[in-house]
Enquirer: 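Take this structure, written in structure tokens, and hold onto it; I'll ask about it next.
All figures in this text were calculated on a predicted structure; none of them were measured in a lab. Per chain, numbering begins at 1; letters A, B, ... match sequence-line order.
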There are 2 protein chains.
Amino acid sequence: MISSIAELISDRIGAMPAGERRAAQTLIANYPLIGLKTVAEFSAAAGVSSPTILRFVARLGFQNYPEFQSTLQDELAAQLQSPASRTLNPPSPNGGAVSPMLEATLDNMRETFRHLSDKQLADIAAKLADRRGKTFLIGGRFTDPLARYMAAHLAIIQPNVFHLAGQESVWRDRLIDMGKRDVLVIFDIRRYQDSLVRFAETAHQRGVQIVLFTDQWLSPIARFARHVIAGRTAVPSAWDSSAALFVVAETLIGAVTRQLEADGAKRIRELESLR
Amino acid sequence: MISSIAELISDRIGAMPAGERRAAQTLIANYPLIGLKTVAEFSAAAGVSSPTILRFVARLGFQNYPEFQSTLQDELAAQLQSPASRTLNPPSPNGGAVSPMLEATLDNMRETFRHLSDKQLADIAAKLADRRGKTFLIGGRFTDPLARYMAAHLAIIQPNVFHLAGQESVWRDRLIDMGKRDVLVIFDIRRYQDSLVRFAETAHQRGVQIVLFTDQWLSPIARFARHVIAGRTAVPSAWDSSAALFVVAETLIGAVTRQLEADGAKRIRELESLR
DNA sequence: CAAAATACGTAACATACGATACAGCGCTCC
DNA sequence: GGAGCGCTGTATCGTATGTTACGTATTTTG
């Protein structure tokens, strides 16, 4: 079974004429980047002419050069999504089914945070800590618990935090309370829910600022969102993992708490005395 | 010092207009591949027009789109040359407040799983997959969302899964439905809730098998529990972290799903057709 | 609330890219 | 040694791509 272009090449390189073989070798030498550049650059690097490059990719079975490039990109994408596969096997300390799941989850978190700057988180935290407006939280089928989790914390350190639960008609009616100063935190990963998208759109039209927690393929809500947090969700399981988003949520909770420290501490003391 | 385009983006994303921010988000979401495609494809993926993409790369300081692409390719080349650098300690690309939180969380997970044997997880999974009895889930103030999350998944692959919500009196009355063959999954971390402890005790007396998710100091419920999962919760924040428990929950969900594969798949198909 | 500034998209444009036709060269096999 | 075949490069063509100008919508500011 041939899965990568690199294999395909080494399989057929024997049956190639000299010029095309040089093209093949140059591509293998610094795979796959040369293949993503233009035909002219590729040909220059290989020391052959453009048509030779084109004949080369044609011999590999591609209809045209763009098709060849797309395949290379897809290959690269698959590689980049699962860094674990590249790490020359972390020799699993306990060999069972646990390890791959844990490793994938840890990778997901690292990857998620790699693309998440302090500044971005700080901006969102500032927005959530801004007490001039209300904060609403809602999630999809599997992610609503994350919304609840976040709401449970935020509601303690500041007033006007609401988790939208129950039937669609119930929370849709609450749109009437939402305005420019309010923030709506939405959790939505595949398969994206129409009801949430519609809800987000309406809220957006009312000027509500949306903070979206989604997966790397971005829920359609992203187009209405002020802030988008894209978490990695792929794990060796039948389900997607929300763990990375969960950790981002916890990080945000911590950041908001820090910002509200003064007021928050006072509030917490008050709450304590209420018990 | 800004070394990668990704950092450059997260540095300036705050100062961008809406459209360009969408472009930035889509690029970050599946970095860097979108940026290697054509302007048209990029714009389509981001849901904006081509000029917006060009203005976006211009704002990042590039003279034209090809220059932007070249930089991305160079970056990719450097990454591909040294795969290890990605996984072995990403030398914290953002040195701010994010990193300690993330690092602590990752440590918590590793520690949690270090004391968790495959066998233990397999036993619990087997118990949860045993369809002769019912499964109840409940959690404390901050952990109830974890119970919900788990219930949302388990309820799909098997019948008789119930999340206990609402007022204490409501779920206490449901004790009457619980017996020897049933399983009660409880999430309880500091500060442990009396109501939950009492509930667990009664359930235990009725012969219910208890699976407890708690922190490393062990909730008093541990006395009654058949299985105890102790997760690390310490993070540099005002709150404890439930992330490690969350990952254990996801792992269990995966394990149960695998055990029920045959029946579960049939169930899922049925559910699909119900929509 | 009005006016100015900024941002965004549509559409036309120019360029650079991939594709193709053709000619020259070398190699192989009578 | 000559004829035929195959491989390669040059030059040209059509097109897809990046670019720019302009009008409209939206937001911001006084």
Side-chain angles (χ1 to χ4, degrees), chain A residues 12-27 32-73 127 132 179-182 201-210 222-227, chain B residues 5 9 12-27 32-73:
Chain A
R12 303 196 187 172
I13 197 172
M16 285 183 191
E20 299 180 30
R21 193 173 316 151
R22 285 179 69 180
Q25 282 158 351
T26 340
L27 177 58
L33 274 167
I34 293 277
L36 298 178
K37 297 186 184 286
T38 66
V39 173
E41 285 176 290
F42 191 170
S43 66
V48 297
S49 69
S50 316
T52 300
I53 299 297
L54 295 173
R55 281 188 284 264
F56 163 66
V57 304
R59 191 182 298 266
L60 291 178
F62 296 98
Q63 295 299 320
N64 49 29
Y65 195 70
E67 183 187 324
F68 164 73
Q69 286 190 318
S70 294
T71 311
L72 275 182
Q73 285 187 354
K127 182 63 64 184
R132 285 174 304 186
K180 284 190 211 308
R181 299 187 154 169
D182 302 329
E201 182 166 12
T202 315
H204 172 66
Q205 283 162 2
R206 295 184 60 89
V208 179
Q209 302 220 7
I210 296 180
R223 49 174 55 252
F224 313 120
R226 183 68 194 271
H227 298 282
Chain B
I5 294 187
I9 291 173
R12 303 197 187 171
I13 195 171
M16 285 183 190
E20 299 179 29
R21 192 159 47 220
R22 295 225 302 261
Q25 283 157 352
T26 29
L27 176 57
L33 273 166
I34 293 275
L36 298 179
K37 299 187 183 287
T38 67
V39 174
E41 284 176 290
F42 190 170
S43 66
V48 298
S49 68
S50 317
T52 300
I53 299 297
L54 295 172
R55 282 187 285 261
F56 163 65
V57 304
R59 190 181 300 266
L60 291 178
F62 297 97
Q63 295 299 321
N64 48 31
Y65 195 71
E67 183 187 325
F68 163 73
Q69 287 190 317
S70 295
T71 312
L72 273 183
Q73 285 185 353

Enquirer: Using five base pairs at each end, measure the axis-to-axis angle across the helix from C/dC1-D/dG30 to C/dC30-D/dG1 and round it to 10 degrees.
Expert: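 Nearest ten degrees gives 30° for this helix.
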Enquirer: If you compare all heavy atoms of B/Ser50 against all heavy atoms of B/Val39, which two are closest, and at what distance to 0.1 Å?
Expert: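 For B/Ser50 and B/Val39, the tightest heavy-atom pair comes out as CB-CG1, 3.7 Å.
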Enquirer: How about B/Thr52 and B/Ser49: do any of their side-chain heavy atoms sit closer than 4.5 Å?
Expert: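 A side-chain contact exists here, since the closest heavy-atom pair is under 4.5 Å.
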Enquirer: What is the separation between atom CZ on B/Phe56 and atom P on C/dA7, rounded to the nearest whole Å?
Expert: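 My rounded result for the distance is 15 Å.
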Enquirer: Measure the shortest side-chain to side-chain distance between A/Met16 and A/Leu60 over non-hydrogen atoms and say whether it is less than 4.5 angstrom.
Expert: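 A side-chain contact under 4.5 Å exists here.
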Enquirer: Do you know the tightest heavy-atom contact between A/Ala24 and A/Ile13?
Expert: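 Taking A/Ala24 first and A/Ile13 second, the nearest heavy atoms are CB-CD1, 3.8 Å.
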Enquirer: Are the side chain of A/Glu41 and the backbone of A/Ile34 linked by a donor-acceptor contact shorter than 3.5 Å?
Expert: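 No, the answer is negative, given that no donor and acceptor are paired below the 3.5 Å cut-off.
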Enquirer: If you check every side-chain atom of B/Pro17, which of C/dA7, C/dT10, D/dG9 has the closest atom?
Expert: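 Closest nucleotide among those given: C/dA7.
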Enquirer: So A/Phe42 and A/Phe68, would you call those rings parallel, tilted or perpendicular, with 30° and 60° as cut-offs?
Expert: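 Parallel: the ring planes of A/Phe42 and A/Phe68 meet at under 30°.
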Enquirer: Does CD belonging to B/Gln63 count more than 12 external heavy atoms closer than 6.0 Å?
Expert: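 Not more than 12 within 6.0 Å, no.
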Enquirer: Nucleotide by nucleotide, 5' to 3', does protein get under 4.0 Å of the base (B), only the sugar-phosphate (S), or neither (-) in nucleotides 12-30 of chain D, counting heavy atoms?
Expert: -----SSBB----------
Enquirer: Look at the side chain of B/Arg59 and the backbone N and O of B/Glu20, then say whether any donor-acceptor pair between them is shorter than 3.5 Å.
Expert: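 No; judged by distance alone, with no hydrogens or angles, the pair does not exist.
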